[in-house]
2 protein chains.
Amino acid sequence: MNVQKPRTRIQKKNRRAILDAALDVFSAHGFRGATLDRIAEAAGLSKPNLLYYFPSKEAIHVALLSQLMDTWLDPLRELDPGGEPVAELLGYVRRKLQMSRDFPRESRLFANEILQGAPRIGPALETELKDLVDEKAAVIRGWVEAGRIAPVDPHHLIFSVWALTQHYADFDVQVRAVLGAARDPLDEAERFLDTLFARLVTP
Amino acid sequence: MNVQKPRTRIQKKNRRAILDAALDVFSAHGFRGATLDRIAEAAGLSKPNLLYYFPSKEAIHVALLSQLMDTWLDPLRELDPGGEPVAELLGYVRRKLQMSRDFPRESRLFANEILQGAPRIGPALETELKDLVDEKAAVIRGWVEAGRIAPVDPHHLIFSVWALTQHYADFDVQVRAVLGAARDPLDEAERFLDTLFARLVTP
DNA sequence: CGTGATCTTGACCGAATGGTCAAAACAGCC
DNA sequence: GGCTGTTTTGACCATTCGGTCAAGATCACG
């Protein structure tokens, strides 16, 4: 199976099922903690059948990560240099938080990878990621110099968006343990982060 | 070896060496990714010798975590209800960031545990951690109601301190990849976070 | 120095795990 | 129905890993 693009209906369906199952297992147990048997079971396939569609456990992991990188940066890509600065930044925060809500598994998969020192997507960080961040940081710096937002380091501003939004996905267990069952973390986070970033960047 | 407190000199030395080596390995590879052989090698002992001091891999991990929980909450414990609110909060941020600088391995160990759903310290989150946070949150709420700091949700304020400070330890690889080799992330973070929280809580 | 307790290790074990393979089952098409 | 390429699987393998054990080395102390 060195098929890059699934051709048949069955291939498309099974590759989807495998990647979805693998996302479950990898994000919950990390790369080493995940086993092919568990992934196979979750996907409703036999282990050899898994390995018919992907050459190795590593290949599944890489497939997930590279697929993730794309969508992961979308919220930042949408930051519009021509828009109203404060509204643009608050919109970015809201979009990023929405990703924590919609794709917590992806967030944890990413967190796991970075925590282990990014052995598989290290290179992509220094190219794809850095390039995009530098580009948007320049935009933000422009806004600062024009006096349209308060003076802040653009890179660390972006880091703070990542840290704060991803925290609610990655540390979900902790957040819920502290808040108690009655409260909705993500709902409250939306209001809190709105306030936080509004105070931070409004001139 | 059901010794709780090391008695002899050798025991003290070797248990220290093991826990330090285990911290290295666990924080870098996660629980499942860590092997007794690696830990033993890093500690300069043979594997059976390891298991003379600790009954199992799990026991080493638990020992690390419970030892960690203690020091991990120190910065928050020191938050003084009688102090000047803004200075107290900024001091908390600075202390917490200092922990990311001094104990990045511990931070990653903790992050790994929470990411996996806190299978080993889950209970401690809902008791020890929650109790402390609730207590300090009440203090902060008092400050808000007295008009001494700007109105913010105390729990999410604390979460934001955790998220922002731990991000620089846990996602170090990513931060460095984006910033480039010439910049010192922690140094810049200190100034940035000072600004951020000052703007957030100053009435 | 002798002796009992502490410490260390080589050899080994069973279970789990990533991966292989050849053969069977199946799908699509004439 | 028969043929070809695709899909599925049971049986199997080599390695890794957590953990055991019995015997030997070393230490503390009278």
Side-chain angles (χ1 to χ4, degrees), chain A residues 1-65 112-113 116 119-120, chain B residues 1-65 112-113 116 119-120:
Chain A
M1 260 286 116
N2 50 354
V3 185
Q4 296 302 337
K5 293 289 159 191
R7 306 171 194 295
T8 76
R9 218 151 286 169
I10 295 181
Q11 273 183 41
K12 205 170 252 177
K13 179 176 70 97
N14 281 343
R15 284 182 64 105
R16 267 191 188 286
I18 291 170
L19 288 175
D20 191 69
L23 181 55
D24 256 13
V25 180
F26 279 134
S27 67
H29 305 287
F31 182 75
R32 292 288 305 267
T35 73
L36 287 180
D37 293 277
R38 283 182 84 116
I39 298 174
E41 191 196 338
L45 299 175
S46 68
K47 185 168 59 168
N49 206 174
L50 257 201
L51 293 162
Y52 171 72
Y53 290 101
F54 289 89
S56 68
K57 178 181 174 182
E58 174 116 9
I60 303 178
H61 196 240
V62 169
L64 277 176
L65 283 176
N112 256 306
E113 168 72 7
Q116 318 293 319
R120 288 161 235 274
Chain B
M1 261 286 118
N2 49 356
V3 185
Q4 295 302 337
K5 293 290 160 189
R7 305 169 195 295
T8 77
R9 219 151 286 167
I10 294 181
Q11 272 183 41
K12 205 170 254 176
K13 179 177 70 99
N14 280 345
R15 284 181 66 104
R16 267 190 189 286
I18 291 170
L19 287 176
D20 190 69
L23 181 55
D24 257 13
V25 181
F26 279 133
S27 68
H29 305 287
F31 181 75
R32 292 289 307 264
T35 73
L36 287 180
D37 292 276
R38 282 182 83 118
I39 298 174
E41 191 196 338
L45 298 174
S46 68
K47 184 169 59 169
N49 207 174
L50 256 202
L51 294 162
Y52 172 72
Y53 290 100
F54 289 89
S56 68
K57 178 182 175 182
E58 173 117 8
I60 304 178
H61 196 239
V62 169
L64 276 176
L65 283 176
N112 256 308
E113 168 71 7
Q116 317 293 319
R120 287 159 238 274

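Just so you know, these numbers use all the heavy atoms, side chains as well, and skip hydrogens, waters and symmetry mates. To find a chain, count down the sequence lines: A is the first, B the second, and so on, and within it residues start at 1.
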d(CZ, B/Phe54; C1', C/dC7) in whole Å: 15 Å
Working for side-chain contact (heavy atoms from CB on, under 4.5 Å), residues B/Asn112 and B/Gln116: CA-CA 6 Å; B/Asn112 256 308; B/Gln116 317 293 319; 3.9 Å; yes
A/Asn49 side-chain N/O to D/dT9 phosphate OP1/OP2 under 4.0 Å: yes
Note: B/Arg120-B/Glu58 ion pair, threshold 4.0 Å (strictly below): yes
Separation of atom NZ in A/Lys12 from atom P in D/dT6, rounded to whole Å: 17 Å
Return the polar atom pairs (N/O with N/O) between nucleotides 15-17 of chain C and the protein under 3.5 Å, or none.
from: C/dT17; atom 1: OP1; to: B/Arg32; atom 2: NH2; distance (Å): 3.3

Nearest non-hydrogen partners of A/Ala43 and A/Ala17, listed with the distance: CB-O, 3.8 Å
Test log, rule side-chain contact (heavy atoms from CB on, under 4.5 Å), inputs B/Leu45 and B/Tyr52: CA-CA 11 Å; B/Leu45 298 174; B/Tyr52 172 72; over 6 Å; no
B/Ser56 vs A/Gly44, nearer the 5' end of DNA chain D by closest nucleotide: A/Gly44
Below 4.0 Å: OP1/OP2 of D/dT8 and any side-chain N or O of A/Tyr52: no
Interatomic distance, A/Ile60 CD1 vs C/dG18 C1' [rounded to whole Å]: 11 Å
For A/His61, all residues meeting ring pair (Phe, Tyr, Trp, His ring centres under 6.0 Å), sequence neighbours excluded: A/Phe26, A/Phe31
Interatomic distance where NZ belongs to B/Lys13 and C1' belongs to D/dT26 [whole Å]: 13 Å
Evaluation steps, side-chain contact (heavy atoms from CB on, under 4.5 Å), between B/His29 and B/Arg38: CA-CA 11 Å; B/His29 305 287; B/Arg38 282 182 83 118; 3.3 Å; yes
Atom-to-atom span, CZ of A/Arg38 to C1' of C/dG19 - whole angstrom: 19 Å
Between P of C/dG10 and CG of B/Leu45, the distance in whole Å: 12 Å
Value in whole Å for how far the P atom of D/dG18 lies from NE2 of B/His61: 13 Å
Whether B/Lys57 side chain and B/Ala34 backbone form a donor-acceptor pair below 3.5 Å: yes
Below 4.0 Å: OP1/OP2 of C/dC7 and any side-chain N or O of B/Gln11: yes
B/Asn14 side chain near C/dT8 phosphate (N/O to OP1/OP2, under 4.0 Å): yes
